[in-house]
Amino acid sequence: VPTSQPLRLAVVVGSIRRGRFGRTPADWIAEQARQHEAVAPDVVDLADFDLPHELRSFDEDMPDTVTELAERLGRADAFVVVTPEYNHSYPAGLKTAIDWLGGEWQAKPVGFVSYGGVAGGLRAVEHLRGVFAEVHAVTMRDVVSFHDFWEKFDEDGNVTDPGAVGAAKTMLDQLVWWGTALRDARAVRPYGA
Ligand SMILES: Cc1cc2nc3c(=O)[nH]c(=O)nc-3n(C[C@H](O)[C@H](O)[C@H](O)COP(=O)(O)O)c2cc1C
């Protein structure tokens, strides 16, 4: 049954590094999403979950942190993954979170905010597209990407690049279209059944 409730959007902070920058673009995109009338954002910071590196099979008991993250992401209708680029790809901690979970990603859209040096984190994004395809998520074409990110935010975490707000709206509009369409579709028919 279709609903007109705002889309529940999880903004996933992909860097868990001490002293990381990642929280700044995550809080910024969450604020952009808050201004979009169709979206209710929730910042899900992977650093709060301290996921073990050693995975377990699905028939074993899950660590509490995994269960908590699964519940938080399972509630979401859509995701924005905020990612840096480490050695031309995504951070290992983000991959660990994707690998621990399963159906929470399924039949939902994923948009990206990336940041880095010359490539603006886009190499991480392109690698993540293949990973998210495997967990049955759909990735948005348009990315909000900050190259030389240290020049793009002021001390208060505001973006100084005038194009970024428009880029965020483009990505969020795509996410709202897919998120709404897939939420309606999941309500009518379980995915894959
Ligand atoms: C292990 C490691 C590898 C990195 N590799 C890249 C890279 O390939 N491309 C890039 O643009 N920046 C790279 N950087 C620099 C990051 O863009 C920069 O450290 C950024 O702050 C990382 O995001 P974070 O602080 O949110 O973790 C790397 C940083 C680390 C720690």
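Numbering of ligands and ligand atoms starts at 1, following listing order. The residues of the chain are indexed from 1 along the displayed sequence. All values below were derived from every heavy atom in this structure, side-chain atoms included, with hydrogens, water molecules and symmetry-related copies excluded.
Taking the six-membered ring where tryptophan is involved, the planes of Trp28 and Phe153 are perpendicular, since the angle between them exceeds 60° and thus also 30°.
In this structure, Thr65 and Pro52 have side chains that are in contact, with non-hydrogen atoms separated by less than 4.5 Å. The side-chain heavy atoms of Pro84 and Phe149, taken from C-beta on, include no pair separated by under 4.5 Å. The side-chain heavy atoms of Leu69 and Asp48, taken from C-beta on, include no pair separated by under 4.5 Å. Side-chain contact between Ile98 and Phe132: present, with at least one pair of heavy atoms (C-beta onward) separated by less than 4.5 Å.
Of all atoms in ligand 1, numbered sequentially from 1 with element shown, those under 4.0 Å from a heavy atom of Tyr115 are 23 (O), 24 (P), 26 (O). Per-residue contacts place Pro84 under 4.0 angstrom from the following atoms of ligand 1 (heavy atoms of the residue considered): 22 (C), 23 (O). The Gly117 neighbourhood of ligand 1 comprises atoms 10 (C), 11 (O), with distances under 4.0 Å to a heavy atom of that residue. Shown in contact with Gly22 at under 4.0 Å from a heavy atom are these atoms of ligand 1, numbered in order with element: 26 (O).
Of the N or O atoms in Gly116, none lie within a sub-3.5 Å distance of an N or O in ligand 1. Remark: ligand 1 and Arg17 share an N or O pair separated by less than 3.5 Å (distance only, no angle test). For a threshold of 3.5 Å applied to N or O pairs, the pair formed by Arg123 and ligand 1 contains no separation below that value.
Crowding of Trp105 atom CH2: a count of heavy atoms from other residues, nucleotides or ligands under 6.0 Å exceeding 12.
Comparing Tyr86, Phe149, Phe146 against atom 18 (C) of ligand 1, the shortest heavy-atom distance belongs to Phe149.
The protein non-hydrogen atom at the shortest distance from atom 5 (N) of ligand 1 is Asn87 N, 2.8 Å. For atom 8 (O) of ligand 1, the nearest protein heavy atom (residue, atom name, distance) is His88 N, 2.9 Å. When hydrogens are left out, the protein atom nearest atom 14 (N) of ligand 1 is Glu85 O, 3.5 Å; that is the closest non-hydrogen contact.
Ser57 and Glu60 share a side-chain donor-acceptor pair at under 3.5 Å. Checked by atom type, the side-chain pair Ser15/Tyr86 shows a donor-acceptor distance below 3.5 Å.
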